Amino acid sequence: MYKPTFNFKRQVLVFHHFGNKGYSLFACLGREVVCSVLSVATLTYASAESVSTDPVVSDSTAMTTAKEMMLEEVSVTGSRAPLTKSQAARMVTVLDRAEIQQAPVQSINDLLKYAMGVDVRQRGPLGAQTDISIRGGTSEQIILLLNGINICDPQTGHNAMDLPIDLSEIVRIEVLEGPAGRIYGSSSLVGAVNIVTNVSRNETTLHAEGGSFGYGNVGARFSLINHSLSANYSRSDGYSRAKGGGLNTDFSGSKAFYQGQYHDEQIRLRWHLGIADKGWGSSTFWASPKWQADDQYEHTTKLYSAIQGETRQGLLHMSGNIYWNQNRDRYEGYRSRPEKMKFNYNRTDVYGVSLSSYFDWTAGRTAFGAELRNEDLVSGNLGEPLSQVHHIKGTDRDYTLGLNRTNISGYMEHNVLLKDVTLSAGLVAVKNTWSNMNMTVYPGIDISYRPHPSWTLHASYNTSLRMPSFTEMYYKLQGYSADPHLKPEEMQALEAGLNVQCSIFNLQCSLWHHHGKNMIDWIMDTSKGEEAVWQSVNHTSINSIGFEASAKLSVLTSQFSVSYGFIHQDKKQEEGIVSQYALEYLRHKLVANAHIPLTKALALGVNFRWQDRVGSYTDFDGKAHDYEPYGLVDIRLTWQQPKWKVYLEANNLFDTSYHDYGLVPQPGRWIIGGFNISV
């Protein structure tokens with residue numbers, strides 16, 4: 001898929017004892033990180049400006065006005081080339097390991113709800129099925145990375161969060177809000193989410209938890225020197241039943257993840273292999289007035305593999321990766337009843353290779369590189385007729401349809417580093433074999449100014465592009481009608497922000513404007529009654545403006561934070577037209593968090609989230625209902641000891657009734673208890 005590139009400057013983020021330079025979302029782009037303690041319990045924006053005590057390698061050719069050191073630590077940035085600490089940064093939300101352990105959540109999906117610019121729309125709890133978007137975009141418009149590797153599924157963004165890793169495996173999650181095409185390529189039209197894991201030394205952990213709705217989860221992780229292996233199983237009966245009496249929001253699944261690394265004075269290598277297998281009742285997830293099914297079901301199997309490498313010496317620094325991801329999907333319109341509606345089978349294989357490099361000279365630091373990504377689909381429902389059919393293993397059916405496309409991109413970037421100013425400019429050239437577009441160039445520029453050591457101003461302009469998913473182009477079944485001639489989406493974005501930081505207080509705010517062209521959406525004309533269907537379309541243009549602010553306070557051992565985000569779009573829904581994605585966005589989102597130690601071992605975490613969504617959904621009678629604003633409170637009590645902990649938590653404490661996505665009512669209060677042991 002076409003992906004524009006963006007150059008963002010970010011302040012150095014500080015982490016203590018997490019050395020995953022190449023794994024960082026922003027490390028894949030290169031950037032210095034500082035060793036210190038990231039003391040945040042509020043899942044908000046993070047930044048720091050200390051210096052690592054690890055050995056460093058001086059960069060003798062760097063500019064004298066901004067001498068740089070390459071650190072053996074994680075890098076968090078938004079530029080292609082690594083830059084020094086405290087170069088101005090656009091906001092990056094970092095959810096670190098301590099925050100993950102304290103939060104009252106059981107999945108990455110639930111955790112991201114507390115990130116300010118992220119919109120998490122779930123069809124069921126505990127990560128059963130989730131759409132994640134950023135700054136008013138759709139789930140198709142963000143890029144999802146695992147240790148810096150693009151793991152987006154070109155078939156659909158709806159199943160993107162079926163990941164092979166458990167929460168206990170994660171070192172941190174990095175969220176970049178705003179376009180990131182020049183940096184991350186495909187799918188990063190409005191932002192990026194990178195999940196970072198780490199190979200810890202000689203550690204074994206066991207965990208288990210259970211609670212409401214028949215929920216259970218058990219997992220283990222074993223690590224030895226430069227290798228680690230984890231496995232996990234979870235299940236739930238769900239919180240509702242279909243009209244026929246059967247389960248329709250249940251789920252069960254297993255996952256396993258292996259990772260390893262090797263490094264010496266010359267080279268660093270990393271690799272991972274993961275698998276995730278899950279099935280879940282899809283309730284009324286894809287129902288419509290024309291098709292009133294409430295017992296749908298879906299099963300996915302996902303395989304992820306990658307090898308990453310980088311040089312550690314020499315004037316020309318080089319890094320690269322090779323990866324293969326496979327996604328298998330079986331969708332049942334009527335659960336276990338193929339005679340009523342034949343099952344949909346899809347398989348996508350994604351192959352990628354990239355090479356990046358940078359060097360220093362008298363005018364600054366220059367980076368360049370290229371990437372090739374091939375996306376291959378075989379399906380029983382999506383794509384064009386295949387010249388040769390492929391048998392679907394375990395069935396009496398064949399894949400008869402499919403599509404293959406290759407995205408080729410190359411980038412160049414230059415950075416000028418002065419005492420209080422950083423200027424970074426670059427471009428990416430993109431060509432996709434599926435599109436009729438010629439090789440197209442998307443430029444970007446970022447500038448930051450540091451008038452005082454404790455505060456920073458930044459501004460940026462970037463452009464981007466995204467190819468439509470296979471589902472957006474070809475899905476035609478039971479109330480859905482896709483358009484294979486959809487145009488690619490394009491985005492132009494402006495952003496300006498301020499960061500003020502002192503020892504106990506941090507304030508960050510940002511103002512942004514997005515101009516989207518050919519934005520892809522699914523819409524329904526409800527005036528057609530029973531004949532109404534969901535259609536994929538290109539909106540001519542959508543202009544969005546947004547504001548975000550976050551404040552964080554640390555008092556002794558307690559931490560408090562509050563964040564607020566506002567979005568306004570100029571595209572109004574026409575009378576009788578219901579949007580399923582692009583025109584449904586969070587106009588208001590308020591998040592407040594508190595982490596309060598009650599005793600030396602016992603701590604209380606309280607999280608509040610209030611949001612007001614623009615848009616509406618249709619019931620089975622074809623009547624449209626506006627989304628109502630709602631607020632939720634989650635709490636968690638944790639008893640922590642050096643080698644073990646136990647916890648008890650309540651989600652939706654006040655049993656609030658609400659809809660987050662269409663016809664699917666969300667669960668009320670649910671209670672979960674668990675323990676974790678490390679040896």
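What you see is a predicted model; the values in this text were computed from it and never measured.
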message: Looking at Arg172 and Glu174, is there a salt bridge between them, counting it only when a charged N and a carboxylate O are closer than 4.0 Å?
response: yes
message: Once rounded to the nearest 0.5 Å, what's the spacing between atom OG of Ser305 and atom CD1 of Ile275?
response: 11.0 Å
message: Applying side-chain contact (heavy atoms from CB on, under 4.5 Å) to Leu146 and Leu163, what does each step give before you reach the verdict?
response: CA-CA 9 Å; Leu146 176 59; Leu163 302 171; over 6 Å; no
- line: When every non-hydrogen atom of Gln559 is compared with those of Ser554, the smallest separation belongs to CG-OG, 3.6 Å
query: What's the spacing between Ile151 CD1 and Leu145 CG if we round to 0.5 Å?
result: 7.5 Å
message: Looking at Thr197, is its backbone amide N or carbonyl O close enough to the side chain of Asn147 to form a donor-acceptor pair, meaning the two atoms are under 3.5 Å apart?
response: yes
task: Using the six-membered ring wherever Trp is involved, compare the ring planes of Tyr215 and Phe251 and label them parallel, tilted or perpendicular (cut-offs 30° and 60°).
output: tilted
- request: For Gln308 and Gly148, indicate whether the former's side chain and the latter's backbone hold a donor-acceptor pair under 3.5 Å.
  value: no
message: Within a 6.0 Å radius of atom CD1 on Ile322, are there more than 12 heavy atoms belonging to other residues, nucleotides or ligands?
response: no
- line: Sorted by chain and residue number, the salt bridge (Lys or Arg N to Asp or Glu O under 4.0 Å) partners of Arg328 (sequence neighbours excluded) come out as none
- prompt: Donor-acceptor pair, Asp634 side chain versus Asn652 backbone, under 3.5 Å?
  reply: yes
Heavy-atom side-chain proximity of Ile225 to Val199 below 4.5 angstrom: no
- prompt: So, does His317 use its side chain to make a donor-acceptor pair with the main chain of Thr311 at under 3.5 Å?
  reply: yes
- prompt: Does the side chain of Trp271 come under 3.5 Å of the side chain of Tyr258 through a donor N or O and an acceptor N or O?
  reply: yes
message: Show the nearest heavy-atom pair for residues Ser319 and Glu310, with the distance to one decimal.
response: CB-CB, 3.7 Å
- prompt: Between the main-chain N or O of Gly157 and the side-chain N or O of Glu140, is there a donor-acceptor pair closer than 3.5 Å?
  reply: yes
- prompt: Does some side-chain heavy atom of Asp349 sit less than 4.5 Å from a side-chain heavy atom of Trp324?
  reply: yes
field: Exercise: identify the closest heavy-atom pair between Val118 and Lys589
entry: O-NZ, 2.5 Å
CD1 (Ile307) with more than 12 external heavy atoms under 6.0 Å: no
- line: OH of Tyr647 to CZ of Phe675, rounded to nearest 0.5 Å, is 8.5 Å
query: With no hydrogens and no angle check, do the side chains of His207 and Asn217 hold a donor and an acceptor under 3.5 Å apart?
result: yes
query: Is there a donor-acceptor contact under 3.5 Å from the side chain of Arg373 to the main chain of Val350?
result: no
- prompt: Does Leu206 reach the side chain of Val679, with side-chain heavy atoms less than 4.5 Å apart?
  reply: no
- prompt: Is there side-chain contact between Arg312 and Glu265, with heavy atoms separated by less than 4.5 Å?
  reply: no
message: I need the Ile195 CD1 to Ile108 CD1 distance, nearest 0.5 Å.
response: 4.0 Å
message: Using the rule given for side-chain contact (heavy atoms from CB on, under 4.5 Å), can you reason through Asn593 versus His595, listing the C-alpha separation, both sets of side-chain angles and the distance that settles it, and then say yes or no?
response: CA-CA 7 Å; Asn593 304 278; His595 179 70; over 6 Å; no
message: Go through it in stages, so that I can follow the logic: the residues are Leu590 and Phe608, the test is side-chain contact (heavy atoms from CB on, under 4.5 Å), and I'd like the CA-CA distance, side-chain angles, deciding distance and then a yes or no.
response: CA-CA 8 Å; Leu590 175 68; Phe608 172 73; 4.3 Å; yes
query: So, Asp277 versus Ser254: side-chain donor-acceptor pair below 3.5 Å or not?
result: no
Any side-chain heavy-atom pair of Lys302 and Asn325 under 4.5 Å: no
field: pair Arg636-Asn607: side-chain heavy atoms closer than 4.5 Å
entry: no
message: Does this structure show an ion pair linking Asp166 with Arg221, if we count only N-O contacts that are shorter than 4.0 Å?
response: no
field: Nearest non-hydrogen partners of Met116 and Gly565, listed with the distance
entry: SD-N, 3.3 Å
message: With a 3.5 Å distance limit and no angle check, can you tell me whether Ser223 reaches the backbone of Glu203 through a side-chain donor-acceptor pair?
response: yes
field: Distance-minimising heavy-atom pair for Glu169 and Ser228
entry: OE2-OG, 3.9 Å
task: Find out whether Asn327 and Thr300 are in side-chain contact, i.e. whether some heavy atom of one side chain is under 4.5 Å from a heavy atom of the other.
output: no
task: Enter the distance from Lys113:NZ to Thr130:OG1 here, rounded to the nearest 0.5 Å.
output: 7.5 Å
task: Would you please classify the geometry between the Phe257 ring and the His272 ring as parallel, tilted or perpendicular, with 30° and 60° separating the classes?
output: tilted
message: Check whether Ser563 reaches the backbone of Val591 with its side chain - one donor and one acceptor, N or O, closer than 3.5 Å.
response: no
Which atom of Gly260 lies closest to which atom of His227, heavy atoms considered: CA-ND1, 4.2 Å
message: Any carboxylate oxygen within less than 4.0 angstrom of a Lys/Arg side-chain nitrogen, looking at Asp162 and Lys278?
response: yes
field: Check: Arg270 main-chain N/O paired with Gln259 side-chain donor or acceptor under 3.5 Å
entry: no
- prompt: What do you reckon, is CD of Gln641 surrounded by more than 12 foreign heavy atoms closer than 6.0 Å?
  reply: yes
message: Test side-chain contact (heavy atoms from CB on, under 4.5 Å) on Leu507 and Asn499; report intermediate values, then the result.
response: CA-CA 6 Å; Leu507 172 67; Asn499 176 42; over 6 Å; no
query: Does some side-chain heavy atom of Leu95 sit less than 4.5 Å from a side-chain heavy atom of Ile170?
result: no
Backbone of Val500 reached by a side-chain donor or acceptor of Asn506 within 3.5 Å: yes
- prompt: Got a second to check how far Ile143's CD1 is from Cys152's SG, nearest 0.5 Å?
  reply: 5.0 Å
query: For residues Gln611 and Asp119, is any side-chain donor paired with an opposing acceptor at under 3.5 Å?
result: no
